[in-house]
Amino acid sequence: MRLGESGHEQPVVLVTADNGSGQYFSLLPLTRDVDGAFLASGGVAKVRAALEAGTLPAVEDAPNLRVGSPVARPGAVVGIGMNYAAHAAESGATPPEVPVMFLKPSNTVTGPFDRAAVPPLSSKFDWEVELGIVIGREASYLESTAEAAACIAGYVTANDLSERAYQLPGAAGQWTKGKTLPGSTPLGPWLVPAEDIDGGNLPLQSWVNGEPRQDSDTAQLIFDAPTLVHHCSQYMRLEPGDVILTGTPEGVALSGRYPYLQPGDVVEVEVQGLGRQRQELVRS
């Protein structure tokens, strides 16, 4: 995890006991931040060793600190569109035969409990719970999905907040415009190492004002995490600390079944084992 005010987060590891209680330990003896360099240099293994040796100091006030994105500002945030067949159907599209890729600026990344700003002219602001992949080593022109799997450092909960009026055909009509709004990529609350969780079999859900919206499982992904990493590596160089958003399941406002988000609404998204987010919507 990364705790503290925006731009001044400190790296922390959360160790959860069998009874659900948690202990927070500072990673400052090992690294200044949870970033690409830390992940690429075997940072997760170093944390395990330090915990075993008992050399990490406790962070006593951790529960009172702001929770930042669990990975420092990525070099790239790659979005994958329509990666659940039911979501493609509710969007009026045919499920893709190859992954649909788009890019989000790294300045869209924010903490999992930070307020989310609705754009001034927004009328169709939407939620999207997603499994996020965090890259742990450089991936370029990978030859196999097995090689791609070895490049995954871990997984995070993500919300790909989207303005559909900017994204889809109309006055704007470009995915980039609808997916690049400030603060539109909350990540966290924590990163779980890939070897500690099965990213291909995780329930994921969303709620708006406490009412259920999405309820699916990453087993329903059309293209799983290793496939996405392999595919993306054929078109771009993925670097440690980069994030891939794997797509959202059915149950968004775009379906026509629910109203779009408004200032004052509260959105919650959760991927089992990766934590739950909560964003209060405000007008920017």
Side-chain angles (χ1 to χ4, degrees), residues 1-16 22-78 103-115 131-140 150-159 182-197 199 229 236-245 271 273-275 277 279:
M1 303 180 68
R2 297 170 68 249
L3 304 179
E5 293 306 308
S6 180
H8 301 280
E9 296 91 345
Q10 62 173 307
V12 172
V13 59
L14 169 61
V15 180
T16 305
Q23 290 182 289
Y24 299 81
F25 298 95
S26 173
L27 296 182
L28 287 174
L30 301 178
T31 182
R32 295 181 61 183
D33 212 342
V34 181
D35 53 16
F38 169 74
L39 296 171
S41 65
V44 172
K46 293 176 184 177
V47 172
R48 295 189 197 279
L51 285 171
E52 182 69 22
T55 58
L56 299 178
V59 182
E60 302 297 345
D61 61 341
N64 299 318
L65 298 177
R66 169 186 171 271
V67 181
S69 164
V71 60
R73 186 168 174 167
V77 179
V78 184
L103 292 175
K104 294 171 68 84
S106 60
N107 63 13
T108 63
V109 172
T110 188
F113 307 113
D114 293 343
R115 290 183 171 185
L131 171 71
I133 302 167
V134 179
I135 300 300
R137 64 177 70 172
E138 184 175 297
S140 181
C151 294
I152 298 175
Y155 299 99
V156 296
T157 298
N159 189 356
S184 63
T185 316
L187 298 179
W190 50 71
L191 181 156
V192 176
E195 59 265 36
D196 291 345
I197 198 164
V229 173
M236 62 184 295
R237 177 185 293 118
L238 295 168
E239 299 180 338
D242 287 350
V243 175
I244 299 176
L245 308 181
V271 181
L274 301 178
Q277 302 182 0
Q279 292 99 38

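Side chains included, hydrogens not; waters and symmetry mates left out as well; all remaining heavy atoms used.
How far CG of N159 is from CG of L187: 9.5 Å, rounded to the nearest 0.5 Å. Rounded to the nearest 0.5 Å, atoms OG1 (T31) and CD (Q10) are 12.0 Å apart. Here the CD-OG1 distance, from Q23 to T16, works out to 9.5 Å after rounding to the nearest 0.5 Å. Between L39 atom CG and L191 atom CG the span is 6.5 Å, to the nearest 0.5 Å.
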Output, in order, the C-alpha distance, side-chain angles, deciding distance and verdict of side-chain contact (heavy atoms from CB on, under 4.5 Å) for V47 and F38.
-> CA-CA 10 Å; V47 172; F38 169 74; 3.7 Å; yes
May I have the step-by-step check of side-chain contact (heavy atoms from CB on, under 4.5 Å) for V78 and M236, ending in yes or no?
-> CA-CA 10 Å; V78 184; M236 62 184 295; 3.7 Å; yes
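A donor-acceptor contact shorter than 3.5 Å links the side chain of D114 to the backbone of G111. Side-chain atoms of Q277 come within 3.5 Å of backbone atoms of G188 as a donor-acceptor pair (strictly under, hydrogens ignored). No donor-acceptor distance shorter than 3.5 angstrom exists from the side chain of S106 to the backbone of R73, with no hydrogens or angles considered.
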Determine all donor-acceptor pairs shorter than 3.5 Å in which one atom belongs to a side chain in residues 49-64; sequence neighbours excluded.
residue, atom, partner, partner atom, Å
T55, OG1, A50, O, 3.4

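Using a 4.5 Å heavy-atom threshold, the side chains of V109 and P74 count as touching. K104 places a side-chain heavy atom less than 4.5 Å from the side chain of L245. No side-chain heavy atom of W190 sits under 4.5 Å from any side-chain heavy atom of V156. Counting heavy atoms from C-beta outward, N107 and P182 have side chains that stay 4.5 Å or more apart.
In this structure, C151 and V229 approach most closely via the heavy-atom pair CB-CG1, 4.4 Å. The two residues P112 and S69 have their closest heavy-atom pair at CD-N, 4.4 Å. The heavy-atom pair separating V192 from G273 by the smallest distance is CG2-O, 3.5 Å. When all heavy atoms of D242 and E239 are compared, the pair lying nearest together is OD2-N, 2.8 Å. Smallest separation of non-hydrogen atoms from D33 and R2: OD1-NE, 2.6 Å. Nearest heavy atoms, I197 versus L274: CD1-CD2, 3.8 Å.
Heavy atoms from other residues, nucleotides or ligands lying under 6.0 Å from CZ of R48 number more than 12. Crowding of R66 atom CZ: a count of heavy atoms from other residues, nucleotides or ligands under 6.0 Å exceeding 12.
Between Y24 and the options V15, L65, L3, V13, a side-chain contact (heavy atoms from CB on, under 4.5 Å) holds for only L3.
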